[in-house]
Amino acid sequence: MNWEAVIGLEVHVQLNTRSKIFSGSSTAVGAEPNSQASLLDLGMPGTLPVLNREAVNKAVRLGLAIDARISRRCVFERKNYFYPDLPKGYQTSQLAEPIILGGEISLNLEDGSEKTVRLHHAHLEEDAGKSLHEDFHGMTGIDLNRAGTPLIEVVSEPDMHSAAEAVAFARKLHAIVTSLDICDGDMSQGSMRFDVNVSIRPRGEQTLGTRTETKNLNSFRFMEMAIHREIERQIEVVEGGGEVVQETRLFNGETGQARTMRIKEEADDYRYFPCPDLLPVVIEEADIEALRTDMPELPDARRERFAQQYGLSDYDAGLLSGERATAAYFEAVVAECGDAKQAANWINGELAARLNAGEIGIKDSPVNSASLARIIERVADGTISSKIAKQVFEACWQGEGSPDEVIESRGLKQMSDSGELERIVDQVIADNPDQVAGYRAADEKKQKKMFGFFVGQVMKQTGGKANPREVNRLLGEKLDG
Amino acid sequence: MKLHEQSLASLKAGLEQGDFSSRQLTQHFLERIRSLDPRLNSFITVTADAALAAADAADAARARGEAGPLCGLPLAHKDIFCTRGVRTSCGSRMLDNFTSPYDATVVARMAAAGAVMLGKTNMDEFAMGSSNETSYYGPVRNPWDQDRVPGGSSGGSAAAVAAGLAPAATGTDTGGSIRQPAALNGITGLKPTYGRVSRLGMVAFASSLDQAGPMARSAADCALLLEAMAGHDPGDSTSVDRPVDDCQTGLDRSLEGLTVGLPEEFFPQNLDPRIAEVTREAVRELEKQGARVVDISLPTMKYSVPAYYVIAPAEASSNLARFDGVRYGYRCEHPENLTDLYERSRSGGFGDEVQRRILVGTWALSHGYYDAYYLRAQRVRRLIRDDFARAFEKVDVIMGPTTPETAFPLGAKSGDPVNMYMADVFTIAVNLAGLPALSMPAGQLDGLPAGVQVIGNYFDEARILNVAHRYQQATDWHRRSPDTGGEA
């Protein structure tokens, strides 16, 4: 049978406020366990939450970016459940009156087509702490530094039908929240986490099949793998005569395996009710307007601008405009060297390959924008050839110094000095009398083919540093002359 | 007059005139606690050394001319308020080993005003109870008759003030927990408007109802204490950003032209006629001073007890979830796994009444019951608020009995929760509406004090204190003390 997958996402986006959503503790990561947990974060008796308005502002910015309705009044509720890293025994979240309703995100898919995914809503909530199961000899350690970090949970409609669409959605959301500067986008630190709802149905069928939820995926790659696996698994189950069971699943990125976490029959009852310690949040029209006038450039607008302003292909513009950090890097390189086409080629080619291989963010690239611009300049002014430029890039990546230092210390400067180059050309002609004779006897068509041999010999002698134009000129003079 | 029978105002004057030092005063009360409290059991923790050190600091501050409004005056805090470095048990085994790392805003403000803390008073466990019998530390005895309850949940504070173990104390009132024990012990207690006093550092029972207030020997003393306790606290989002009225200068204001409302619902058919008469007698005194009395009705008040026993347990079930044996407080021995840790820590740490309310509240919030119970109770709450709002269009204050009966014998109701809940039938509606209300002693039945309640409009604490003060100027019920036998 021909199956169609139906996919919806719930994305937890950590907001990059300096302090937590209901306490003054820092949200910075990497501190000693429990050193950034206030009395409230520890769930001490008598403590009370005070809303960090900056978290609300960041949520409003997201709402404006995705063209959603922003609630003039939203309500925090308590989601009650017991877990050791949930210090109050409830998570402060939103249910009946979330801050953002509706909205949509447009995707540019790899096959060149476009698609719009609708959003159901997005709500503000606090993150839980972490349970540390290693290093405690069979006991569990609790770190509450993360408890109370503001999250916005974005819930999509089930509008996606393949892993590729889901990943495109996730990447686009990542691009939007980083462009808005409401999230640092650092997936390795869990700044974005995905829960994936998947079901299948015969193509053409309108009703939805039973769905499963795979929780807490923290990379695009794992998400893609998990969705592929889950679609395959469900098809296998159904075609084998079974039924898909509504369940929550966990995916292990290391092994590529997923397993049942819990079956939904033990239906969770979180006993939500409005948090009596917090007043309903009122958002004035004027506040929204002030945030609207202060909106940064969003990925779609930037893509258009890159194509127009820099004459880039749609493809290049798309790649460079998605992430704010990539776009900023690109524009910095162009500002220094003035060559947008070369900048795009380098960033989408060599640099992207190296960053991906090392799972490094562009902000942490060992070759910064100034260095890349300098390499492009040195090719343009003839100091090095484009082939040598790759060597310079590699050396800079390895930390050998600035491009000019590398060119100097490795002696990579292009040989344009006709005196020295002429000696080498003469030597090559002298060392290859047969080839020279053959060349001279040949017709123009054949000569063209044979010319490359001499160029190659000169390049070999100079270690690739000879200026190709100069080599051509000298060889032409000597062979034809 | 003996030091422990004097009002705060008179003790304050004594300190100012140098009749005695704060150290002498503090020693006097510590001595009374030492000799009388083994029987009354009104304190859970006595902080004698810290109290004497604070008294010396107060004396030194006064000598430097830096005396705050409560400088050198001893008082006791209900053990629901977090006190830095001192056990904060909330009357529960769950927190028997808990020392708070911080001071509640109320505690900090009163300390800043110069008050000297004598210790922490006994209470119903997590403030759930009307007799003080649910305390892990055993029941408090009523100083008027030691075989009777002092009321609750602020029973320790009320008994301590009535017996002269402290000139004043703090309490909290979620459904009557200041006013009911004040009435049963013959003292004056004020529950302020919801949001008037910060809840930060008060162990939460039902967050939308809890409010801290003063308990003392007179309305004037309550006025002095309220000014030190009240005011906006940015650390409590539900605290109201509004200046605190001057409650003291208006105390003597004439009652000429005051309109008092008497709701028929406060005088049901089955009410002990002697209790009704205590209120009517008090109202007649006010009439003598120029007040006008009108009959009013609060028709939805009859739903206040059931609505309260949905909303309060619902909030409590969530507020008490943090007591899980993981980070602090009681933890069972040798837990086998996480569920076992939770079950045995919570079953062992909480007493029966607390567990009963957690179960009721959990049930009321559960899927399928939420609309029928929690949401309906919230609608009732709005109706009650509307009833009071309509009444306050016509009257300045509302009066009625604080409790349907005087102090009952220990054990008389502890096996019958619903009968116990009815002890708060006249106080609960005020919490649901968020209004301020005061209970003052206005008579005695068979040697036991009976209280009258004065309810005001929002933030009208100054008015109800004025009414109570004028009443107390003309009567002496508030000056009567139980015979404690001690000669200290």
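Just so we're clear, the structure is a prediction, and the values are computed from it rather than from any experiment. Each chain gets a letter, A, B and so on, in the order its sequence line appears, and its residues count up from 1.
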J.: Quick one, A/Pro84 and B/Leu338 - any side-chain contact, counting heavy atoms below 4.5 Å?
T.: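 Heavy-atom side-chain distance check passes, below 4.5 Å.
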J.: Among B/Asn319, B/Leu341, B/Leu95, which has the most heavy-atom pairs under 4.5 Å with chain A?
T.: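 Heavy-atom pair counts peak at B/Asn319.
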J.: If you tally heavy-atom pairs under 4.5 Å against chain A, which of B/Gly325, B/Ser366, B/Gly235, B/Ser318 wins?
T.: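 Of B/Gly325, B/Ser366, B/Gly235, B/Ser318, B/Ser318 has the most heavy-atom pairs under 4.5 Å with chain A.
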J.: Looking at B/Arg376, I want to see if its CZ is surrounded by more than 12 non-hydrogen atoms of other residues, nucleotides or ligands under 6.0 Å.
T.: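 It does not: B/Arg376 CZ has 12 such atoms or fewer within range.
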J.: Against chain A, label B/Phe323 side chain, backbone, both or neither, depending on which of its atoms sit under 4.5 Å from a heavy atom there.
T.: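 Contact with chain A involves the side chain of B/Phe323 alone.
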J.: Looking at A/Arg18, I want to see if its CZ is surrounded by more than 12 non-hydrogen atoms of other residues, nucleotides or ligands under 6.0 Å.
T.: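 Check fails, neighbour count at 12 or below.
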J.: Which atoms of A/Leu40 come close to chain B, meaning under 4.5 Å heavy atom to heavy atom: side chain ones, backbone ones, both, or neither?
T.: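 Neither the backbone nor the side chain of A/Leu40 comes within 4.5 Å of chain B.
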J.: What part of B/Thr88 gets closer than 4.5 Å to chain A, counting heavy atoms only: side chain, backbone, both or neither?
T.: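 Neither; nothing under 4.5 Å.
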J.: Got a sec: does the CZ of A/Arg146 have more than 12 other heavy atoms crowding it under 6.0 Å?
T.: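 Counting other residues, nucleotides and ligands, CZ of A/Arg146 exceeds 12 neighbours.
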J.: Work out which heavy atom in A/Met44 is nearest to a heavy atom in B/Arg322; give both atom names and the distance.
T.: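 Shortest heavy-atom contact: O-NH1, 2.8 Å.
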J.: Any idea which heavy atoms bring A/Phe82 and B/Ala321 closest together, and the distance?
T.: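 For A/Phe82 versus B/Ala321, the nearest heavy atoms are CE2-O, 3.4 Å.
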J.: Let me know if A/Asn80 has heavy atoms under 4.5 Å from chain B in its side chain, its backbone, both or neither.
T.: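 Contact with chain B involves the side chain of A/Asn80 alone.
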J.: For the interface with chain B, which of A/Leu144, A/Thr140, A/Leu42, A/Ile142 has the highest count of heavy-atom pairs at distances below 4.5 Å?
T.: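 Ranked by contacts with chain B, first place is A/Leu42.
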J.: Tell me whether B/Arg385 at atom CZ has more than 12 heavy atoms from other residues, nucleotides or ligands lying less than 6.0 Å away.
T.: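 For B/Arg385, atom CZ is crowded (more than 12 foreign heavy atoms under 6.0 Å).
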J.: If you take all heavy atoms of A/Gly46 and B/Tyr102, which pair is closest and at what distance?
T.: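 Closest heavy-atom pair between A/Gly46 and B/Tyr102: C-OH, 3.1 Å.
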J.: Please flag which part of B/Val203 lies under 4.5 Å from any non-hydrogen atom of chain A: side chain, backbone, both or neither.
T.: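 Both backbone and side chain of B/Val203 come within 4.5 Å of chain A.
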J.: I would like to know whether B/Glu315 and A/Phe273 meet side chain to side chain contact (heavy atoms under 4.5 Å, CB included); could you show each step before the answer?
T.: CA-CA 9 Å; B/Glu315 292 182 11; A/Phe273 74 105; 3.9 Å; yes
J.: How about OH on B/Tyr373, more than 12 heavy atoms from neighbouring residues, nucleotides or ligands closer than 6.0 Å, or not?
T.: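 12 or below, so no.
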J.: State whether the number of non-hydrogen atoms from other residues, nucleotides or ligands found under 6.0 Å of B/Arg242 atom CZ is greater than 12.
T.: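 For B/Arg242, atom CZ is crowded (more than 12 foreign heavy atoms under 6.0 Å).
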J.: Work out which heavy atom in A/Thr47 is nearest to a heavy atom in B/Leu200; give both atom names and the distance.
T.: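 That would be CA-CD1, 4.1 Å.
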J.: Tell me, side chain or backbone of A/Tyr272 under 4.5 Å from chain B's heavy atoms, or both, or neither?
T.: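 Backbone only.
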J.: For atom NE2 of B/His334, decide whether the heavy atoms of other residues, nucleotides or ligands shown that lie under 6.0 angstrom number more than 12.
T.: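 Atom NE2 in B/His334 is not packed in, count stays at 12 or less.
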J.: Evaluate the side-chain proximity of A/Tyr90 to B/Ser317: yes if any heavy-atom separation is below 4.5 Å, no if none is.
T.: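 Sidechains of A/Tyr90 and B/Ser317: no contact.
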J.: Donor-acceptor pair, distance only, cut-off 3.5 Å: does the side chain of A/Asp269 make one with the backbone of B/His367?
T.: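 Checking the backbone N and O of B/His367 against the side chain of A/Asp269, a donor-acceptor pair under 3.5 Å is found.
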J.: Would you say the side chain of B/Tyr374 lies within less than 4.5 Å of the side chain of A/Pro274, judging by non-hydrogen atoms?
T.: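 Side chain of A/Pro274 against side chain of B/Tyr374, heavy atoms only: contact under 4.5 Å found.
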J.: Return yes when atom NE2 of A/His12 has more than 12 non-hydrogen atoms of other residues, nucleotides or ligands closer than 6.0 Å, and no otherwise.
T.: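 More than 12 heavy atoms, drawn from other residues, nucleotides or ligands, come within 6.0 Å of this atom.
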J.: For a 4.5 angstrom cut-off between non-hydrogen side-chain atoms, does A/Asp277 reach B/Thr238?
T.: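 No - every pair of side-chain heavy atoms lies 4.5 Å or more apart.
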J.: Could you tell me which portion of B/Ala314 (side chain, backbone, both or neither) has an atom closer than 4.5 angstrom to a non-hydrogen atom of chain A?
T.: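 Contact with chain A: backbone only.
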J.: Can you tell which part of B/Phe98 gets under 4.5 Å to a heavy atom of chain A, answering side chain, backbone, both or neither?
T.: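 Interface part for B/Phe98: side chain.
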J.: Among the options B/Gln378, B/Arg327, B/Met202, pick out the one with the most heavy-atom pairs lying under 4.5 Å from chain A.
T.: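 Answer, by heavy-atom pair count under 4.5 Å with chain A: B/Arg327.
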J.: Using heavy-atom distances under 4.5 Å, tell me whether B/Ile80 contacts chain A through its side chain, its backbone, both, or neither.
T.: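 No part of B/Ile80 comes within 4.5 Å of chain A.
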J.: Which one of B/Tyr370, B/Phe81, B/Tyr369 has the most heavy-atom pairs closer than 4.5 Å to chain A?
T.: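 Highest number of pairs under 4.5 Å: B/Tyr370.
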J.: Heavy atoms only, distances under 4.5 angstrom: which of A/Pro49, A/Pro45, A/Pro276, A/Cys275 has the most pairs with chain B? Name it, please.
T.: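 That would be A/Pro45.
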